[in-house]
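This report concerns only the one structure given below.
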Amino acid sequence: MKREKKYVFETSQPFTPGYISRPGARYWREFKKLSAFVQYAKENLRRNETLICEMALCRFVDNYLIYVSDLLALIFSARPETLKSSETVTLEFVLTHRTTPQLIDAIVRKKVDQLSYQGMRELLDFFSNRLKFPLFKEQDDLTKAIILIEVRNIIVHNRGL
């Protein structure tokens with residue numbers, strides 16, 4: 001007796017394995033629903049590609065800036081002498097902190113906030129001149145970082161315009 005070969009991919013109907021019994025049919029239906037959802041998600045991903053790219057860029061730049069701020073805070077906390085400068089603080093600011101470690105922490109936070117609001121070039125100058133720690137080896141990397149930060153600022157502060 002000669003067996004006739006059945007080809008799965010020649011028919012337009014989807015292949016349902018024969019081992020799926022009635023109780024397993026529920027899982028097959030769930031798989032079909034999940035497949036339909038994945039297709040829907042792909043279409044929406046394409047439709048919202050610009051928005052997703054903007055969000056990813058903002059998160060990437062924000063994470064880098066937070067890393068730099070945390071690095072500064074760590075350096076200042078470990079080596080408070082790096083904070084030495086001709087800047088002055090008010091007596092009221094000093095007296096609001098009971099201990100020297102609290103005062104140092106407050107000065108560190110104030111200095112990190114002050115530096116984080118400056119531009120990337122000023123931050124790079126501070127790292128290079130005061131800390132002798134270059135943030136970028138190549139000038140091209142600095143230029144790219146500045147462009148990315150500026151694009152992030154346009155997206156965040158000007159609604160992308």
Side-chain angles (χ1 to χ4, degrees), residues 9 12 14-15 26-161:
F9 298 107
S12 60
F15 172 69
R26 185 181 98 216
Y27 297 110
W28 188 252
R29 283 192 306 273
E30 292 298 319
F31 175 75
K32 285 183 179 180
K33 287 180 189 176
L34 183 61
S35 297
F37 175 75
V38 167
Q39 184 63 30
Y40 172 77
K42 283 181 183 178
E43 290 169 7
N44 279 330
L45 182 66
R46 283 188 214 106
R47 191 177 319 133
N48 298 317
E49 182 178 12
T50 305
L51 177 66
I52 292 169
C53 289
E54 286 177 358
M55 288 172 32
L57 176 93
C58 288
R59 288 295 301 264
F60 173 74
V61 172
D62 286 343
N63 285 341
Y64 176 73
L65 293 175
I66 289 169
Y67 166 75
V68 171
S69 295
D70 288 349
L71 180 64
L72 268 174
L74 184 65
I75 290 170
F76 291 152
S77 296
R79 299 271 187 172
E81 64 270 9
T82 57
L83 287 168
K84 288 182 182 175
S85 69
S86 60
E87 294 178 39
T88 58
V89 292
T90 63
L91 186 57
E92 179 184 0
F93 181 80
V94 173
L95 292 176
T96 56
H97 302 91
R98 292 182 172 262
T99 63
T100 303
Q102 286 179 348
L103 177 63
I104 290 173
D105 287 342
I107 293 172
V108 165
R109 274 188 266 118
K110 185 177 176 183
K111 186 65 174 177
V112 168
D113 287 344
Q114 176 190 359
L115 287 170
S116 65
Y117 287 119
Q118 292 181 352
M120 194 64 190
R121 287 201 190 279
E122 292 82 11
L123 193 61
L124 180 70
D125 290 341
F126 181 84
F127 266 92
S128 298
N129 298 335
R130 292 276 303 275
L131 302 177
K132 307 294 186 231
F133 179 76
L135 280 179
F136 301 100
K137 289 183 179 179
E138 303 292 327
Q139 184 67 24
D140 189 42
D141 294 337
L142 171 64
T143 306
K144 290 176 185 176
I146 290 172
I147 290 171
L148 287 173
I149 291 170
E150 291 301 321
V151 169
R152 178 248 177 221
N153 290 342
I154 289 171
I155 292 168
V156 171
H157 299 295
N158 295 346
R159 297 181 185 165
L161 301 176

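Both backbone and side-chain heavy atoms feed into the values below; hydrogens, waters and symmetry mates do not. Computed from a predicted model, the values in this text were never measured in an experiment.
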request  = Kindly compute the distance separating CD1 (I154) from CD1 (I149), expressed to the nearest 0.5 Å.
outcome  = 12.5 Å
inquiry  = The criterion is salt bridge (charged side-chain N to carboxylate O under 4.0 Å, His left out); which residues satisfy it with E81, sequence neighbours excluded?
reply    = R79
request  = Provide the closest heavy-atom pair for I155 versus C58 in the form atom of the first, atom of the second, distance.
outcome  = CG2-SG, 3.5 Å
query = Which pairs, with at least one residue in residues 99-123 and sequence neighbours excluded, count as a side chain to side chain donor-acceptor pair (under 3.5 Å)?
reply = E87-K111
request  = Apply salt bridge (charged side-chain N to carboxylate O under 4.0 Å, His left out) to E92 and list each qualifying residue two or more places apart in sequence or on a separate chain.
outcome  = none
inquiry  = Walk me through whether E30 and K33 qualify under salt bridge (charged side-chain N to carboxylate O under 4.0 Å, His left out).
reply    = CA-CA 5 Å; E30 292 298 319; K33 287 180 189 176; 3.6 Å; yes
key: salt bridge (charged side-chain N to carboxylate O under 4.0 Å, His left out) pairs, two or more places apart, involving residues 123-134   = none
remark   = By salt bridge (charged side-chain N to carboxylate O under 4.0 Å, His left out), R47 pairs with (sequence neighbours left out) none
request  = Answer yes or no: are there more than 12 heavy-atom neighbours, outside E43 itself, under 6.0 Å from its atom CD?
outcome  = yes
inquiry  = Around atom CZ of F93, are there more than 12 heavy atoms from other residues, nucleotides or ligands closer than 6.0 Å?
reply    = yes
inquiry  = Any side-chain to backbone donor/acceptor pair from S77 onto L74? Under 3.5 Å, distance only.
reply    = no
message = Nearest 0.5 Å, please: how far is CG in L57 from CD1 in I52?
response = 14.0 Å
request  = Could you tell me whether the side chain of I104 reaches within less than 4.5 Å of the side chain of F76, counting heavy atoms only?
outcome  = no
ask   = Roughly how far apart are L115 CG and F127 CZ, rounded to 0.5 Å?
value = 8.0 Å
query = Roughly how far, to the nearest 0.5 Å, is the CG atom of L135 from the CE atom of M120?
reply = 5.0 Å
task = Measure across I75 and T82 and return the closest heavy-atom pair with its distance rounded to 0.1 Å.
result = O-OG1, 4.1 Å
key: Residue pairs passing the side chain to side chain donor-acceptor pair (under 3.5 Å) test where at least one lies in residues 61-75, sequence neighbours excluded   = D62-R152
query = Which distance, rounded to the nearest 0.5 Å, do you find between the CD of Q139 and the CG of D141?
reply = 9.5 Å
key: Close side-chain approach of L72 and L131, heavy atoms under 4.5 Å   = yes
message = Rounded at 0.5 Å granularity, tell me how far CG in L91 sits from OG1 in T96.
response = 9.5 Å
